[in-house]
Amino acid sequence: MRRWLAAVLLGMSLASVAKAAIDTYQFRDEAERQRYQALTKELRCPKCQNQDIADSNAPIAADLRREIFRMLGEGKSNQQIVDFMVDRYGDFVRYKPALSGRTWLLWFGPGLLLAGGFVVLALIVRRRRGSATPGTDALSAEERERLAKLLEKEPTHD
């Protein structure tokens with residue numbers, strides 16, 4: 001009897017995992033299905049932040065997929081759908097945000113930081129080479145005499 005109870009409980013727990021949401025939409029043609037897939041891969045899930053809405057299981061991603069399907073049915077273009085999503089969720093919803101005044105740092109910031117690092121590195125190297133020029137570290141006549149005397153002394157062994 002205990003085995004049957006354990007089997008039923010195991011089956012019920014596995015059933016909750018198996019009922020993950022799967023979108024089943026009826027598209028007019030293969031071109032519309034491809035547009036849908038491209039749009040859901042292009043847009044980022046606002047909740048997951050590191051997944052596109054095609055792969056996300058978050059409820060908001062399901063809502064966005066449903067909204068995209070609805071807009072495709074209305075005959076809206078890909079750009080109109082993306083613009084709608086950006087208006088609603090901001091530039092963050094796009095994996096590749098458009099170049100604008102608000103996103104220029106996102107596009108050019110890493111390159112500027114890298115270039116700045118090279119400039120700082122070049123300045124450090126130039127300063128070190130400048131201080132190591134011949135003659136600047138040369139000993140005066142007094143210092144050479146003193147060094148020679150110190151080197152002439154032999155250490156005593158006890």
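Note that these values count all heavy atoms, side chains included, but never hydrogens, waters or copies made by symmetry.
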Side chain to side chain contact (heavy atoms under 4.5 Å, CB included) evaluation trace for V86 with V93: CA-CA 6 Å; V86 169; V93 80; 4.1 Å; yes
Derivation of the side chain to side chain contact (heavy atoms under 4.5 Å, CB included) call for Q51 and N57: CA-CA 10 Å; Q51 280 185 318; N57 288 329; over 6 Å; no
Worked verdict on L64 versus L43 for side chain to side chain contact (heavy atoms under 4.5 Å, CB included): CA-CA 9 Å; L64 292 175; L43 298 172; over 6 Å; no
Verdict with supporting geometry, R70 and R66, side chain to side chain contact (heavy atoms under 4.5 Å, CB included): CA-CA 6 Å; R70 182 189 64 77; R66 193 172 23 260; 6.0 Å; no
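Annotation: side-chain hydrogen bond (donor to acceptor under 3.5 Å, both in side chains) contacts of K47 (sequence neighbours excluded): none. Remark: Q37 pairs with R33 by the side chain to side chain contact (heavy atoms under 4.5 Å, CB included) rule, at least two apart or across chains.
Atom CZ of F69 sits about 6.5 Å away from atom CD of E32, to the nearest 0.5 Å. Expressed to the nearest 0.5 Å, how far CD of E152 lies from CG of L150 amounts to 9.5 Å. The structure places CG of D83 at 4.5 Å from CD of Q79, a figure rounded to the nearest 0.5 Å. Rounding to the nearest 0.5 Å places CG of D52 at 9.5 Å from CZ of R44. Once rounded to the nearest 0.5 Å, the distance linking CD of E67 with CD1 of I60 reads 11.0 Å. M71 CE to M85 CE: the interatomic distance, rounded to the nearest 0.5 Å, is 6.0 Å.
No more than 12 heavy-atom neighbours from other residues, nucleotides or ligands sit within 6.0 angstrom of CD on E142. For CG of N50, the number of neighbouring non-hydrogen atoms (other residues, nucleotides, ligands) closer than 6.0 Å is 12 at most. At most 12 heavy atoms of other shown residues, nucleotides or ligands fall within 6.0 angstrom of atom CD in Q26.
The heavy-atom pair separating S56 from A58 by the smallest distance is OG-N, 3.1 Å. Residues I68 and I81 come closest through the heavy atom pair CG1-CG2, 4.0 Å. In terms of heavy atoms, Y36 sits closest to R65 at OH-CB, 3.2 Å. Y89 and P46 get closest at one heavy-atom pair: CD2-CG, 4.0 Å.
Under the 4.5 Å side-chain heavy-atom criterion for grouping Ile, Leu, Val, Met, Phe, Trp and Tyr, I53 is not connected to F92 through any hydrophobic cluster. Taken together through direct or relayed side-chain contacts under 4.5 Å among Ile, Leu, Val, Met, Phe, Trp and Tyr, L105 and F108 form part of one hydrophobic cluster.
Using a 4.5 Å cut-off on side-chain heavy atoms (C-beta onward), D55 and K41 make contact.
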